[in-house]
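Single-structure report; data block below.
Basis for what follows: all heavy atoms, side chains included, without hydrogens, waters or symmetry-related copies.
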Amino acid sequence: WILAVIVIVTAVMVGWMAMKPDATLQVIRPTTGTIRAYVEERAVTELPHDTLVSMPIAGWLERIELREGDPIKAGQVIAKLETDDLRDQVSQAEQRIAVLETRIRQTSDHRLEDNMMVEATATVKAIDETVKAADAKIEASKAVAEFAHSEVERLRKLRETDAAADRELRQIETEYRKANAEYRSDLLELAALKTLAAVSYIGPKFIHDYKDRKSFEVETYQKQLVEAKAQLQIEQRNLARAEVRSPIDGVVLNRHQTRRQYLSAGTPLLTLGRAEDIEVIAEVLTQRATRVSPGDPVEIFGDAIVNGPVSGTVSRVYPAGFKKISSLGVEQQRVNVAIKLDAPPERLGVGFRVHVRITYDEAINSLMLPRTALFRGDHGGWQVMVVRDGKTALQPVRLGLMNEDNAEIIDGLTGSDDVVARPSSEITAGMKVETVGDE
């Protein structure tokens with residue numbers, strides 16, 4: 001009996017050991033759903049465009065009361081310059097214009113010159129008539145002198161034959177000398193009149209030249225007037241610029257100047273921006289950025305987003321990458337990706353740190369497994385450990401989309417397969433196992 005009991009106990013133990021599984025494994029089955037492939041990175045908020053307001057002209061800046069975060073409206077006065085000197089410059093420009101206009105009116109007045117021209121023209125005409133009369137008088141005195149000379153010659157011939165008296169000859173010689181003297185006097189008078197006539201022509205020419213010179217002065221004054229009016233417009237614009245107005249609706253991002261001081265033109269005063277234009281810039285690894293395209297949906301989340309994640313879209317992928325050293329000291333090549341928020345959340349400012357998840361592809365109604373169930377085989381292919389009829393087996397699979405949590409199963413599994421949830425090197429093919437479901 002003792003021997004029989006020992007044989008029976010030994011047989012039971014051998015049977016029990018043969019039936020006992022090698023391990024108890026947790027198994028899962030593939031699920032059907034939508035899988036999304038995404039890139040998840042840290043990002044920072046910034047404005048694509050901000051507006052720098054600077055000193056329009058050199059001058060004394062009054063104290064700026066606005067502070068960072070203050071809302072502003074387009075056209076609102078955000079800074080002021082002292083205007084006393086600017087008003088004086090406007091007044092000086094106006095006075096110069098008035099002086100030039102007076103000079104133009106005075107120089108353009110030719111009434112005196114016109115009267116003088118009438119008088120000088122009449123004088124020239126009178127002298128010309130006198131010269132003509134003198135010419136006629138010379139002709140007459142010349143004829144008288146020539147006649148007297150002929151009479152002298154005739155009487156001299158008669159005197160030689162005693163046909164004429166000596167007294168008569170002397171008398172005619174005296175008349176000839178007198179006529180000749182008058183002729184010479186008339187010649188001198190004509191020469192004097194011609195000289196006076198030549199001089200008289202200078203008068204109208206002088207008046208004409210004087211009027212031309214005044215016309216040139218008028219043109220000069222008119223050019224100076226145009227310049228003075230342009231200068232007045234500049235001074236008036238400078239006076240208007242003394243009130244620096246906001247070009248946009250937005251908020252004050254930075255205040256560069258605060259106290260009253262003299263500043264040169266172009267000195268920065270305030271930086272303004274529009275909160276609704278805020279965007280997110282993510283630094284994505286270049287090998288992953290090639291999958292990202294403008295229009296891809298984005299989820300923005302993090303501690304800076306008060307009321308939970310917000311949505312957005314990729315607006316642009318920068319064409320140039322850059323090198324960056326990671327926190328582990330690894331050199332990485334990254335590229336900026338700009339993301340436009342659909343509705344910027346309240347109190348999200350510029351330079352805030354957030355996280356983004358950029359979805360670049362998705363598959364609907366696809367078979368999925370958690371990434372923890374997948375591992376690489378000896379030849380580098382993806383495979384899973386399945387349990388069929390209580391034994392483990394290696395099953396190669398072909399994957400589609402993948403993310404950090406799940407992977408799309410294109411081929412190799414069905415929805416009824418039991419897959420080891422977390423395979424390890426201790427689990428090999430052909431093992432007897434007991435399975436439990438995924439809680």
Side-chain angles (χ1 to χ4, degrees), residues 41-86 237-284 298-316 318 322 324 327 334 336-357:
E41 291 286 353
R42 292 192 301 174
V44 65
T45 60
E46 67 176 40
L47 285 175
H49 308 288
D50 56 19
T51 302
L52 178 63
V53 179
S54 58
M55 287 285 289
I57 56 174
W60 283 95
L61 174 70
E62 301 291 348
R63 176 182 174 84
I64 296 178
E65 301 296 338
L66 291 173
R67 299 184 65 86
E68 289 82 355
D70 287 346
I72 44 95
K73 295 290 185 180
Q76 176 183 341
V77 177
I78 55 178
K80 290 183 179 181
L81 277 67
E82 188 179 277
T83 59
D84 292 343
D85 293 340
L86 299 175
R237 284 198 298 268
N238 289 341
L239 180 58
R241 290 170 180 166
E243 288 187 342
V244 182
R245 299 181 180 274
S246 171
I248 63 169
D249 293 336
V251 296
V252 178
L253 300 179
N254 290 304
R255 185 174 61 158
H256 305 288
Q257 308 294 334
T258 57
R259 64 181 184 277
R260 185 181 186 276
Q261 56 185 317
Y262 185 87
L263 298 173
S264 59
T267 303
L269 300 179
L270 297 168
T271 300
L272 312 178
R274 291 163 47 92
E276 56 268 28
D277 293 339
I278 198 169
E279 67 179 14
V280 176
I281 301 296
E283 298 177 352
V284 180
V298 183
E299 181 184 11
I300 302 98
F301 58 96
D303 294 338
I305 310 298
V306 178
N307 296 322
V310 295
S311 61
T313 55
V314 174
S315 58
R316 63 188 179 278
Y318 285 57
F322 57 91
K324 185 174 182 180
S327 58
R334 291 181 174 267
N336 284 333
V337 175
I339 300 163
K340 180 65 177 178
L341 298 174
D342 294 338
E346 295 182 0
R347 293 182 289 175
L348 182 64
V350 179
F352 285 28
R353 180 68 66 181
V354 295
H355 292 267
V356 298
R357 184 178 290 121

Exercise. Check whether any side-chain N or O of Glu68 sits under 3.5 Å from a backbone N or O of Arg255 as a donor-acceptor pair, and report yes or no.
Key: yes
Quiz item: Is Arg42 reaching over with its side chain to a backbone N or O of Arg353, donor-acceptor style, under 3.5 angstrom?
Solution: no
Taking all heavy atoms of [X] and all of [Y], pick out the closest pair and write down the distance.
X	Y	result
Ala43	Val356	CB-CG1, 3.9 Å
Val354	Ala304	CG1-CB, 4.0 Å
Asp342	Ser311	OD2-OG, 2.7 Å
Leu341	Ile278	CD1-CG2, 3.8 Å
Leu52	Pro268	CD1-CB, 3.8 Å

So how far is it from [X] [atom1] to [Y] [atom2], rounded to the nearest 0.5 Å?
X	Y	atom1	atom2	result
Ile305	Leu348	CD1	CG	5.0 Å
Glu62	Gln257	CD	CD	14.0 Å
Asp85	Trp60	CG	CH2	10.5 Å
Thr313	Ile339	OG1	CD1	9.0 Å
Glu276	Asp249	CD	CG	8.0 Å

Quick one: are [X] and [Y] in side-chain contact, heavy atoms under 4.5 Å?
X	Y	value
Ile57	Arg237	no
Thr267	Leu61	no
Pro56	Val244	yes
Leu263	Leu269	yes
Glu41	Glu283	no
Thr45	Val280	yes
Ser246	Thr51	no
Val298	Val337	no

Exercise. Dump the intermediate steps for side-chain contact (heavy atoms from CB on, under 4.5 Å) on Leu86 and Arg241, then the final yes or no.
Key: CA-CA 10 Å; Leu86 299 175; Arg241 290 170 180 166; over 6 Å; no
Exercise. Please state whether the rings of His355 and Phe301 are parallel, tilted or perpendicular, taking 30° and 60° as the class boundaries.
Key: parallel
Self-check item: salt bridge (charged side-chain N to carboxylate O under 4.0 Å, His left out) partners for Asp277, two or more places apart
Solution: Arg274
Exercise. State which residues pass salt bridge (charged side-chain N to carboxylate O under 4.0 Å, His left out) with Arg357; sequence neighbours excluded, sorted by chain then number.
Key: Glu40, Glu299
Exercise. Show the numbers, then the answer: is there a side-chain contact (heavy atoms from CB on, under 4.5 Å) between Ile281 and Glu279?
Key: CA-CA 7 Å; Ile281 301 296; Glu279 67 179 14; 3.6 Å; yes
Sequence neighbours left out, cut at 3.5 Å: what donor-acceptor pairs do the side chains of residues 72-82 make with other protein atoms?
unit_1, atom_1, unit_2, atom_2, d
Gln76, OE1, Lys73, N, 3.0
Glu82, OE1, Arg260, NH2, 2.4

Self-check item: Donor + acceptor pair across side chains of Asp50, Thr271 (<3.5 Å)
Solution: no
Quiz item: Would you find more than 12 non-hydrogen atoms of other residues, nucleotides or ligands less than 6.0 Å from Arg347 atom CZ?
Solution: no
